[in-house]
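Report on one structure; see the data block that follows.
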Amino acid sequence: MALSNIWVFAQAANGAPTSATLELLTKARSLGGAVSAFVVGDGAPIAAALGEYGAATVYSTGDLGGALPGVAGASAMKAVIDGGNAPDLIMFPQNYEGRDVMARLSVKLDRTVVTNNTDVIVDGDTVKVTTPVFGGNTLVTTGFTGAGPYLAAFRPKSFAAEAGGAAAGAVVAAPVPDLGATGGATVTAVHTEASTGPKLDEADIVVSGGRGLGEAAKFELVDDLAKLLKGAAGASRAIVDAGWVPYSMQVGQTGKVVKPNVYIACGISGATQHMVGMKGSKHIIAINKDQEAPIFGVADLGIVGDVHKVLPKLIEALQGR
Amino acid sequence: MIVCVKQIPDPALPGELDASTNTLKRDGKLILDESDSYGVEMALQLVDAAGGGEVSIVSMAPNGEVSGMRTALAMGAAKGVLVSDPTLAGSDALTTAKVLAAATQKLGGADLIIAGTESSDGYTGTVPEQMAEVLGLPSVTFAKSVAVDGGALKVNRQTEEGYDEVTCPMPAVVSVTAGVVEPRYPSFKGIMAAKSKPLDTVTAADLGVTPVGWGGADQSIVDVAQAPAREAGEVVVDEGDAHLKVVAFLEGLKVI
């Protein structure tokens with residue numbers, strides 16, 4: 001059995017599909033069978049781009065009118081499935097909305113979820129996904145059993161996005177049914193936090209700070225360096241838990257997984273929890289006082305030194321260029 | 001108010017897979033997942049702000065371990081229900097959600113059910129939203145702040161770009177992100193009081209849930225392999241000019 005019908009949970013930002021969406025479409029295309037994109041929102045404006053990456057069909061719920069995407073998206077998906085168009089596999093991005101939609105849908109379909117995956121293969125009759133555990137040192141492969149749809153979430157940058165060059169996907173309306181009590185939550189205002197640089201999980205360079213910075217105010221050093229390098233600033237769980245920076249900046253097992261060209265860890269010891277989120281980076285630079293810190297075990301360049309001394313000099317040297 | 005908590009192996013110790021089932025070993029001493037301490041704190045603060053009410057905790061474990069739950073009771077929760085049953089070993093997130101949802105119903109339901117966004121050991125990250133669906137409730141996930149205004153919740157919800165203000169009627173399920181409140185340390189008095197607080201242990205059958213365990217979760221682990229190791233590179237001790245090493249390294253990569 002090959003997969004005959006695959007859905008990709010598709011998202012847009014600034015009028016274009018997100019990079020995670022294009023990555024999943026590219027991978028879905030390679031698995032054979034028909035690929036559809038499911039847009040929780042208005043799919044029409046991005047149908048051309050989704051088609052180019054492999055979506056022959058673009059399901060579109062239309063504007064959610066303030067409903068949260070999790071319950072609205074899952075209900076719309078369930079309605080299409082009940083209508084006789086069940087996919088064999090639904091691929092979700094490992095992010096806020098992806099997790100919420102798959103969670104609601106798993107209960108509606110009474111099917112399991114497998115999250116945090118980095119790969120998927122079809123092996124004979126079995127769909128298998130791979131999940132890194134223990135800081136990425138161990139890879140666990142899980143096979144789905146029983147009937148589909150199989151629900152799997154994938155970390156960003158697990159696959160390379162490549163256009164296939166096909167025509168725009170055909171837009172099919174997938175309206176959100178009446179949500180009843182489950183639809184009680186309503187978005188009343190949207191706040192966009194000023195972010196001048198690239199997104200954390202898409203940036204070419206990521207500079208992250210940890211406990212070694214000593215105090216919240218010193219995170220400025222990380223921010224300044226990230227800006228100078230036109231990169232994004234990230235953080236270890238320790239300083240997110242301490243309330244220095246928001247959860248959205250957390251790099252790690254719980255948090256975001258990044259795979260930039262260059263990752264600079266400042267005052268981060270390299271707990272397993274953090275390593276799983278950054279070990280896939282192409283080049284790693286670590287600055288830490290403790291020579292024994294595990295982060296040095298994965299760094300291409302390790303500086304045993306005080307971030308309070310090294311970072312200001314580094315910033316000054318880069319400013320002078 | 002009910003808070004869902006998980007007791008996990010100490011994250012400071014190296015994790016291990018059970019050789020026969022390829023799932024995470026959880027048979028040693030378990031502690032309260034730090035991610036859940038934010039939920040407990042949030043609930044205690046909301047009860048304080050409301051001037052009344054009670055915080056209960058629910059948890060699930062394949063054994064009778066309660067030390068992590070006692071920590072939550074020592075922080076100020078009033079009582080707890082542990083669903084403990086060897087048949088729950090190997091449960092997936094969906095079964096966990098069904099069991100916890102049933103446990104909240106055993107407690108008589110709640111105006112608000114709070115959970116962390118994901119556990120620190122399994123980190124599937126779907127259980128709160130799955131519970132909401134099982135219970136037929138609205139939900140707000142990834143909450144940065146929660147307030148009760150009249151009969152409704154006012155939640156600031158984390159998004160990729162910033163945050164959304166969300167209103168939600170109660171009863172509801174809310175998942176809270178780490179770091180949003182400062183979890184209190186249990187006082188000595190709290191620790192002593194926790195020893196005598198009611199902590200019921202029930203089985204899955206008591207709740208009318210049929211666990212599917214290892215076999216029936218619609219998934220099976222077919223392979224465990226070591227990932228290719230990453231080699232350590234050059235390590236230099238800063239003598240006052242190590243920043244130049246970094247500059248040269250970045251130049252070599254042509255990123256500056």
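Letters A, B, ... are given to chains in the order of the sequence lines, protein chains preceding strands, and every chain is numbered from 1. All values below were derived from every heavy atom in this structure, side-chain atoms included, with hydrogens, water molecules and symmetry-related copies excluded.
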Tell me, for A:Ile284 versus chain B, whether the close heavy atoms (under 4.5 Å) come from the side chain, the backbone, both or neither. both
Contact part of A:Val310 toward chain B, heavy-atom cut-off under 4.5 Å: side chain, backbone, both or neither? both
Beyond-backbone contact of B:Leu137 with A:Thr182, side-chain heavy atoms, under 4.5 angstrom: no
One pair to check against side-chain hydrogen bond (donor to acceptor under 3.5 Å, both in side chains): A:Arg104 and B:Ser139. What are the steps and the verdict? CA-CA 10 Å; A:Arg104 286 269 180 184; B:Ser139 58; 2.8 Å; yes
Taking side chain as everything from C-beta outward and backbone as N, CA, C, O, which of these in A:Val113 sits under 4.5 Å from a heavy atom of chain B? Side chain, backbone, both or neither. both
Is B:Glu231 atom CD crowded by more than 12 heavy atoms from other residues, nucleotides or ligands, each under 6.0 Å away? no
Sort by residue number and list every residue of residues 245-256 of chain B having at least one heavy atom under 4.5 Å from chain A. B:Lys245, B:Val246, B:Val247, B:Phe249, B:Leu250, B:Glu251, B:Leu253, B:Val255, B:Ile256
Show the nearest heavy-atom pair for residues B:Gly240 and A:Lys313, with the distance to one decimal. O-NZ, 2.7 Å
Do side-chain atoms of A:Lys128 reach the backbone of B:Val222 as a donor and acceptor pair under 3.5 angstrom? no
Minimum-distance pair of heavy atoms, taken over all atoms of A:Ala185 and B:Pro138: N-CB, 4.0 Å
Between A:Ser248 and B:Gln158, is there a side-chain donor-acceptor contact under 3.5 Å, judged purely by atom types and distance? yes
Sort by residue number and list every residue of residues 296-306 of chain A having at least one heavy atom under 4.5 Å from chain B. A:Phe296, A:Gly297, A:Val298, A:Ala299, A:Asp300, A:Leu301, A:Gly302, A:Ile303, A:Val304, A:Gly305
Which answer fits A:Ser106, side chain, backbone, both or neither, if we ask what part of it has an atom under 4.5 Å from a heavy atom of chain B? both
Would you mind checking which part of B:Ser35 comes under 4.5 Å of any heavy atom in chain A, side chain (CB onward), backbone (N, CA, C, O), both or neither? both
Could you walk me through whether B:Val166 and A:Thr188 pass the side-chain contact (heavy atoms from CB on, under 4.5 Å) test, one step at a time? CA-CA 6 Å; B:Val166 180; A:Thr188 54; over 6 Å; no
Tell me, for A:Gln291 versus chain B, whether the close heavy atoms (under 4.5 Å) come from the side chain, the backbone, both or neither. side chain
With rounding to the nearest 0.5 angstrom, report the OG to CD distance, B:Ser120 to A:Gln253. 7.5 Å
Here the gap from A:Glu97 atom CD to B:Phe142 atom CZ, rounded to the nearest 0.5 Å, amounts to 8.0 Å
Heavy-atom pair count under 4.5 Å with chain B, highest-scoring of A:Thr141, A:Val114, A:Val262: A:Thr141
For A:Gln273, is it the side chain, the backbone, both or neither that has a heavy atom under 4.5 Å from a heavy atom of chain B? neither
Quick one: CG on A:Leu68 to OG1 on B:Thr141, what's the gap to the nearest 0.5 Å? 6.5 Å
Taking every non-hydrogen pair under 4.5 Å, which of A:Pro312, A:Ala189, A:Ala181 racks up the most with chain B? A:Ala189
Scan side-chain atoms only and decide if A:Thr145 and B:Asp218 contain a donor-acceptor pair under the 3.5 Å cut-off. no
To the nearest 0.5 Å, what is the distance between CD (B:Glu160) and OG1 (A:Thr192)? 12.0 Å
Would you check, one step at a time, whether the test side-chain hydrogen bond (donor to acceptor under 3.5 Å, both in side chains) holds for B:Gln219 with A:Thr142? CA-CA 6 Å; B:Gln219 53 172 300; A:Thr142 306; 4.7 Å; no
Show, in sequence, the C-alpha distance, side-chain angles and deciding distance for A:Arg237 and B:Glu118, and conclude whether the salt bridge (Lys or Arg N to Asp or Glu O under 4.0 Å) test is met. CA-CA 13 Å; A:Arg237 175 171 174 169; B:Glu118 65 219 334; over 6 Å; no
Do B:Glu133 and A:Lys108 sit within salt-bridge range, that is, some charged N less than 4.0 Å from a carboxylate O? yes
